[in-house]
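Owing to the predicted nature of the structure, the values given are computational and were not obtained by experimental measurement.
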Amino acid sequence: MRAMIMDALAGPLEVREVPAPTAPEGGVVVEVHATGLCKSDWHAWAGHDDIALPHVPGHELAGVVAEVGAGVEDWAVGDRVTVPFVMGCGACEWCRGGNAQVCPRQEQPGFTQWGSFAERVVVRAADTNLVGIPDGVSFEAAAALGCRFATAYRALTGRARVRAGEWVTVVGAGGVGLSVVMIAAALGARVIAIDRTPAALEVARRLGAEHTILADGADVPASVAAHTDGGSHVSIDAVGSAQTARDAVLSLRRRGRHVQIGLLPTADGQTPMPMARVIAWELDLLGSHGMAAADYPEMLDLIAHGALRPHDLVQRVIGLSEAADLLPRMDTAAPAGMTMIDPRA
């Protein structure tokens, strides 16, 4: 099969032929029809994750089951499927409780195993991790669910428990940030989007942001406070830097809830946060690490009824070769919305 190969951390990426995988016991092989190019893939390429080389990146995927391993009960060749980027083992207490996203024996395509920037990818514990794609939902839209959209949905509903009428500050209007904007607006929240590029903020307005702030030297917390009479009820850092996390937390009103989605890589693994404000204002700091397959039905129902439209977030579809050129530049050249890859192109 053709795959994008990473032979060295932070080095050139090459698209070449490699042996195709076979289905493990309890797992399947999926023929990839769409896979998202995500900032998390850049973190893996840059060496912020423990990656064994050579490696195939890619963790947001949708496609068709091509091969079924022994012991799989719920899936057959030809099924249209997607999968969360965290694949649980299916047997531990967290998986049995519906929280596979924190499984201690989890596998992650594109991180702990070869990923979806290839024509085929392995999905382990298929009966726990696979999600059927409803009729009328495209492969591109379904691939968007695996990381950014599903993470945004659970961050707002399962972690922050946002309510209609509440203010939500979203720092970063890339793929995950725009997903937060769309979902928060659909839930009846009032959204403020912050980004450093006008084009991204224009997309955020189209998706339901009530206010936008250009983060080019602006005092973000002060601007949010002015728009919201004292700060947002919920803040989301969808970028992942010390500055964006700080801006998000300081944008909250008293007893607000912050959800950290963006990864925060630092040399010592520690990230400073404004803890004096957290204590004095009784703020909640929450993490969100994707969403288990068990939680997909409610979100898929909203998509099927048109309340959520993940396909509106897809800006373009490219091939593996173009993606190999774009991935190393994602820290500086990430476009608004989502870029999808079709490995078959």
Ring centre gap for Trp45 and His55 strictly below 6.0 Å: no

_Check for me whether the distance between the ring centres of Phe85 and His289 falls short of 6.0 Å._
yes

Sub-3.5 Å donor-acceptor pair from the side chain of [X] to the main-chain atoms of [Y], do we have one?
X      : Y      : value
Trp114 : Pro54  : yes
Glu60  : Arg148 : yes
Asp127 : Gly26  : no
Glu107 : Arg124 : no
Arg253 : Thr228 : yes
Asp325 : Glu322 : no
Asp49  : Ile51  : no
Arg154 : Ala292 : no
Glu119 : Arg2   : yes
Thr82  : Leu61  : yes

Min side-chain heavy-atom separation [X]-[Y] under 4.5 Å:
X      : Y      : result
Asp284 : Arg255 : no
His258 : Leu283 : no
Val122 : Gln113 : yes
Arg196 : Asp216 : no
Arg246 : Thr244 : no
Thr35  : Val121 : no
Pro109 : Ser116 : no
Phe117 : Val32  : no

### Query
Would Thr169 and Ile213 satisfy side chain to side chain contact (heavy atoms under 4.5 Å, CB included), going step by step from the backbone distance to the final call?
CA-CA 10 Å; Thr169 292; Ile213 299 170; over 6 Å; no

From [X] [atom1] over to [Y] [atom2], what is the distance, rounded to the nearest 0.5 angstrom?
X      : Y      : atom1 : atom2 : answer
Arg161 : Arg257 : CZ    : CZ    : 10.0 Å
Glu67  : Arg120 : CD    : CZ    : 7.0 Å
Tyr153 : Thr157 : OH    : OG1   : 4.5 Å
Ser179 : Ile236 : OG    : CD1   : 11.5 Å
Thr212 : Ile194 : OG1   : CD1   : 9.0 Å
Leu285 : Met275 : CG    : CE    : 5.5 Å

- Query: Parallel, tilted or perpendicular: which fits the ring planes of Trp167 and His211, with parallel below 30° and perpendicular above 60°?
  - Reply: parallel

Q: Decide, yes or no, whether a salt bridge links Arg16 with Asp7 under the criterion of side-chain N to carboxylate O below 4.0 Å.
A: yes

Worksheet item: Hey, is Glu202 close enough to Arg205 for a salt bridge, meaning N to O under 4.0 Å?
Response: yes

Under 6.0 Å from the [atom1] atom of [X], do we count more than 12 heavy atoms belonging to anything else shown?
X      : atom1 : result
Glu17  : CD    : yes
Asp74  : CG    : yes
Arg159 : CZ    : yes

Shared hydrophobic cluster for [X] and [Y] (ILVMFWY, side-chain gaps under 4.5 Å):
X      : Y      : value
Leu320 : Val18  : yes
Ile183 : Ile261 : yes
Ile192 : Leu201 : no
Phe139 : Leu145 : yes
Leu187 : Val176 : yes

request  = Apply the test side chain to side chain contact (heavy atoms under 4.5 Å, CB included) to residues His311 and Glu140: give CA-CA distance (whole Å), side-chain angles for both, the deciding distance (0.1 Å), then the verdict.
outcome  = CA-CA 7 Å; His311 48 282; Glu140 291 79 13; over 6 Å; no

Can you name the nearest heavy-atom pair linking [X] to [Y], along with the distance?
X      : Y      : answer
Trp75  : Gly132 : CH2-N, 3.4 Å
Ala184 : Val191 : CB-CG2, 3.7 Å
Ala307 : Ala186 : O-CB, 3.7 Å
Val239 : Val171 : CG2-O, 3.5 Å
Leu156 : Val168 : CD2-CG1, 4.3 Å
Ala44  : Met6   : O-CE, 4.0 Å

Exercise. Determine, stepwise, if the pair Leu313 / Phe149 fulfils side chain to side chain contact (heavy atoms under 4.5 Å, CB included).
Key: CA-CA 9 Å; Leu313 300 170; Phe149 200 86; 3.6 Å; yes

* Cut-off 3.5 Å, side chains only: do His59 and Asp41 have a donor facing an acceptor? -> yes

Show, in sequence, the C-alpha distance, side-chain angles and deciding distance for Ile5 and Val56, and conclude whether the side chain to side chain contact (heavy atoms under 4.5 Å, CB included) test is met. CA-CA 5 Å; Ile5 305 298; Val56 177; 3.6 Å; yes

